[in-house]
Every structure is written in structure tokens, then in C-alpha cells.
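Here is the structure we will look at.
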Amino acid sequence: MKNHPFHLVDYSPWPLLGSMSIFTTMMGLIKWFHMFKIDLLMLSMIINLMIMFQWWRDIVRESTFQGLHTMKVTLGLRWGMILFITSEIFFFIAFFWSFFHASLSPNIELGMIWPPKGISPFNPIEIPFLNTLILLTSGLTITWAHHSLMENNFNQSFQALMLTVLLGFYFSILQGYEYKEAPFTIADSVYGSTFFMTTGLHGLHVIVGSTFLFICLIRLYLNHFSSTHHFGFEAAAWYWHFVDVVWLFLYISIYWWGS
């Protein structure tokens with residue numbers, strides 16, 4: 001028995017095993033890049049997924065079934081998520097800084113123009129504009145899902161969250177098609193580097209956010225959330241809004257102004 005509202009976690013193997021698995025993933029990437037063998041990378045990714053599943057299962061058990069995530073613990077989780085998203089904002093600032101550093105004053109090697117000589121950029125009113133509409137719509141559906149959950153309307157919340165997940169994966173499919181049809185590569189001057197690094201990093205965040213929301217969809221179906229106790233869902237919604245806002249900056253600066 002304890003006489004405080006804090007949650008002291010039990011001994012867990014997942015942090016140590018997770019860090020070792022991520023280290024193995026990095027080694028797998030190096031092997032893939034230099035030796036063109038993907039076996040170690042695939043093995044480490046499978047192990048990563050197994051560890052993630054079991055780690056999240058433990059956290060869901062602690063919060064949903066054991067009642068260990070008290071209001072005090074939830075407050076700490078909220079601040080943790082706020083600080084995490086803040087760190088992600090600064091991460092993206094670095095890439096935008098790189099883009100504007102190169103584009104506002106293009107040097108002689110780039111032909112002193114932007115986009116650089118020989119680069120044919122994407123038309124911003126084709127797939128990029130469609131992806132913008134998709135993400136803006138997903139921002140509306142995730143807000144709809146959140147408000148429905150707070151009003152105990154679980155049917156509408158489930159429908160809206162499913163729409164959000166589908167829109168997120170649809171965005172990723174369209175971005176993959178865009179990359180496949182790209183008239184330039186990451187090796188084509190600083191334009192290719194900044195374009196693929198920034199849009200690719202954002203694309204990775206969309207995949208992570210879609211997975212996050214998909215897990216919440218499963219938990220919503222299993223009645224893990226209530227109108228007053230659903231921070232896992234709320235954190236996913238915050239993350240998704242962050243992804244939306246970053247894309248707006250990315251679309252305006254790199255796709256529209258940068259082209």
C-alpha cells in the first residue's frame with residue numbers, strides 16, 4: 001500500500017532491450033547502405049515491433065486496468081508530451097533554417113537562382129495541395145473524435161477516429177507516389193537534400209502519428225477510454241495537430257514559395 005498519488009514503475013526489461021534493439025537497427029542500416037544486405041535490418045525491426053507491443057501492453061494495463069495513472073501522474077504525462085512536441089518543433093526549425101539559408105541567398109554553384117539550375121520542382125497545386133487538404137480534413141476529424149469522446153458519444157468518436165487514420169495512411173501513400181515520380185533526387189544539390197530531408201522527416205512523423213492513432217482506435221473499440229480519462233488519445237491528437245501545422249509551413253515554404 002502507498003499513501004501518495006505517484007506511480008513508481010515496476011522493474012521492466014523493455015527500456016534495456018529497446019535500446020539494444022535500436023542499436024541493432026542502426027547496425028542493420030549501415031549494413032544495408034554499405035553491403036546492400038537487409039537481413040539484419042529486417043530482424044531488428046521485427047524485434048523492435050515485438051518490444052513496442054509488449055511495452056505498450058504493460059502501460060495500457062497500468063493505466064486502464066490497474067488505475068495507476070492518477071490525476072497527478074496524468075499531469076506529468078501531459079508536461080512530458082508538451083516538452084516532447086516542443087523538442088520536435090526545434091528539430092524541424094533546423095531543417096527549415098537549412099532550406100532558407102540556401103534559398104534566400106543561392107550561391108554561384110546553384111546558378112544564383114532558386115530552385116537551382118537544372119532542377120524541375122513539383123507543381124504545388126497537384127499532389128502537394130491534395131495532401132494539404134487531406135491533412136486539414138484529418139485535423140477536423142480528430143477534433144470531432146475528441147469532442148465526441150468527451151461527450152460520451154463513442155460511436156461518433158470511433159467513426160471520426162477511423163476516418164482520421166484512413167486519411168493519414170492515404171497521405172503516406174500519395175507522398176510515396178510523389179517520391180517515386182520525383183524528377184530529382186536527394187543527391188541533386190542542396191535543393192534535393194533539403195526537400196527530401198524535410199518532407200521525408202515529416203512523412204515519417206505522419207506514419208508515426210497514424211500508428212499512434214490506430215492504436216488509439218483499437219483501444220477505443222476495446223472501451224479503454226472514458227470521457228474524463230483518455231490522455232493516450234489526447235496525446236495522439238496533440239501530436240497529429242503538430243504534424244498538421246508543420247505541413248502547412250512546409251507546403252507554403254518548400255512547395256509553393258520554394259518552387
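- Across all their heavy atoms, Ile142 and His241 have their closest contact at CG2-CE1, 3.6 Å.
- Considering only heavy atoms from C-beta on, Leu167 comes within 4.5 Å of Thr141 through its side chain.
- Under the 3.5 Å distance criterion, with hydrogens and angles disregarded, no donor-acceptor pair is assigned to the side chains of Trp55 and Ser12.
- The side-chain hydrogen bond (donor to acceptor under 3.5 Å, both in side chains) check on Thr199 picks up Tyr179, with sequence neighbours excluded.
- Among all heavy-atom pairs drawn from Pro106 and Ile113, the shortest one is CB-O, 3.6 Å.
- The local environment of CE in Met50 is sparse, with at most 12 non-hydrogen atoms from other residues, nucleotides or ligands closer than 6.0 Å.
- Atom CG of Leu16 is separated from atom OH of Tyr11 by 14.5 Å, given to the nearest 0.5 angstrom.
- Here the closest non-hydrogen pair linking Val243 and His202 is O-NE2, 3.0 Å.
- Side-chain atoms of Gln159 and Leu163, non-hydrogen and from C-beta on, never get closer than 4.5 Å to each other.
- By the rule that hydrophobic residues join a cluster once side-chain heavy atoms approach within less than 4.5 Å of another member, Ile89 and Leu201 end up as members of one cluster.
- Relative orientation of the His205 and Phe242 rings is perpendicular, given thresholds of 30° and 60° on the angle between their planes.
- Taking every heavy atom of both residues into account, Thr211 and Ile207 meet most closely at OG1-O, 2.8 Å.
- Cluster annotation: Phe91 and Phe195 are assigned to the same hydrophobic cluster (Ile/Leu/Val/Met/Phe/Trp/Tyr, side-chain heavy-atom contacts under 4.5 Å, transitive).
- Distance CZ/Phe171 to OG/Ser210: 9.0 Å, rounded to 0.5 Å.
- More than 12 heavy atoms of other shown residues, nucleotides or ligands fall within 6.0 angstrom of atom CE in Met150.
- Between Tyr191 and Trp114, the angle of the ring planes lies from 30° to 60°, which puts this pair in the tilted group.
- Side chains of Trp32 and Met42 form no contact here, defined as non-hydrogen atoms less than 4.5 Å apart.
- Here the side chain of Thr25 pairs a donor or acceptor atom with the backbone of Ser21 at under 3.5 angstrom.
- Val9 and Leu75 are assigned to two separate hydrophobic clusters, defined by single-linkage of ILVMFWY side chains at heavy-atom distances under 4.5 Å.
- A donor-acceptor contact closer than 3.5 angstrom links the side chains of Trp144 and Gln156.
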Worked check of side-chain contact (heavy atoms from CB on, under 4.5 Å) between Leu130 and Glu126
CA-CA 6 Å; Leu130 177 58; Glu126 291 181 351; over 6 Å; no
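- In this structure, the separation between OG on Ser157 and NE2 on His147 is 11.0 Å, given to the nearest 0.5 Å.
- Looking only at distances, a side-chain donor or acceptor of Ser193 sits under 3.5 Å from a matching main-chain atom of Ser189.
- With sequence neighbours excluded, no residue satisfies salt bridge (charged side-chain N to carboxylate O under 4.0 Å, His left out) with Lys117.
- Using a 4.5 Å heavy-atom cutoff, the side chains of Val208 and Tyr239 are in contact.
- Looking at Trp14 and Arg57, their side chains come closer than 4.5 Å, going by heavy atoms from C-beta outward.
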Pair Leu136, Leu248 - check side-chain contact (heavy atoms from CB on, under 4.5 Å), show working.
CA-CA 9 Å; Leu136 287 175; Leu248 289 176; 4.0 Å; yes
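- At distances below 3.5 Å, not a single donor-acceptor pair connects side-chain atoms of Thr194 with backbone N or O atoms of Phe99.
- More than 12 heavy atoms of other residues, nucleotides or ligands sit less than 6.0 Å from atom CE of Met81.
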List the steps and the verdict of side-chain contact (heavy atoms from CB on, under 4.5 Å) for Leu220 and Leu161.
CA-CA 9 Å; Leu220 186 63; Leu161 188 53; 4.1 Å; yes
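- Follow the hydrophobic side-chain contacts under 4.5 Å out from Ile252 and you reach Ile93 in the same cluster.
- Annotation: side chain of Trp240 is in contact with side chain of Val206 (closest heavy-atom distance under 4.5 Å).
- Note: Ile47 CD1 to Met52 CE = 13.5 Å, rounded to the nearest 0.5 Å.
- Within the 4.5 Å cutoff, the side chain of Cys216 has heavy atoms near those of the Phe225 side chain.
- Checking Phe122, Phe95, Phe184 one by one against Phe196, the ring pair (Phe, Tyr, Trp, His ring centres under 6.0 Å) holds for a single residue, Phe184.
- Take Tyr251 and apply the ring pair (Phe, Tyr, Trp, His ring centres under 6.0 Å) test, not counting sequence neighbours, and it matches no residue.
- In this view, Phe249 and Phe96, Val245 satisfy the side chain to side chain contact (heavy atoms under 4.5 Å, CB included) rule, not counting sequence neighbours.
- Counting heavy-atom neighbours within 6.0 Å of Ile125 CD1, excluding the residue itself, gives a total of 12 or less.
- Without hydrogens or angle criteria, Ser63 side chain to Val60 main chain gives a donor-acceptor distance under 3.5 Å.
- Atoms CG and CG, on Asn48 and Leu17 in that order, are 10.5 Å from each other to the nearest 0.5 Å.
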Ring pair (Phe, Tyr, Trp, His ring centres under 6.0 Å) evaluation trace for His146 with Phe233
CA-CA 8 Å; His146 190 196; Phe233 174 83; 5.7 Å; yes
Given side-chain contact (heavy atoms from CB on, under 4.5 Å), test Phe84 with Trp238 step by step and report yes or no.
CA-CA 11 Å; Phe84 170 67; Trp238 290 357; over 6 Å; no
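- Listed by chain and number, the residues in a salt bridge (charged side-chain N to carboxylate O under 4.0 Å, His left out) with Glu178 amount to none (sequence neighbours excluded).
- Between Leu174 and Ile127, the shortest heavy-atom distance links the atoms O-CG2, 4.1 Å.
- Evaluation of the side chain to side chain contact (heavy atoms under 4.5 Å, CB included) rule for Met112 yields Ile108 as partners, not counting sequence neighbours.
- His229 has its side chain out of reach of Thr64: every pair of non-hydrogen atoms, C-beta onward, lies at least 4.5 Å apart.
- Within a 6.0 Å radius of CZ in Phe154, more than 12 heavy atoms belonging to other residues, nucleotides or ligands are found.
- What you find for Pro5 and Thr70 is that their closest heavy atoms are O-OG1, 2.6 Å.
- Inspection of the Trp247 and Asn131 side chains reveals no N or O donor paired with an N or O acceptor under 3.5 Å.
- In this structure, OG on Ser172 lies 9.5 Å from CG on Leu204, to the nearest 0.5 angstrom.
- Residue Ile254 is grouped with residue Ile134 when hydrophobic side chains (ILVMFWY) are merged at heavy-atom distances under 4.5 angstrom, including chains of intermediate members.
- Note on ring orientation: taking the six-membered ring where Trp is involved, the planes of Phe100 and Trp257 are tilted (angle from 30° to 60°).
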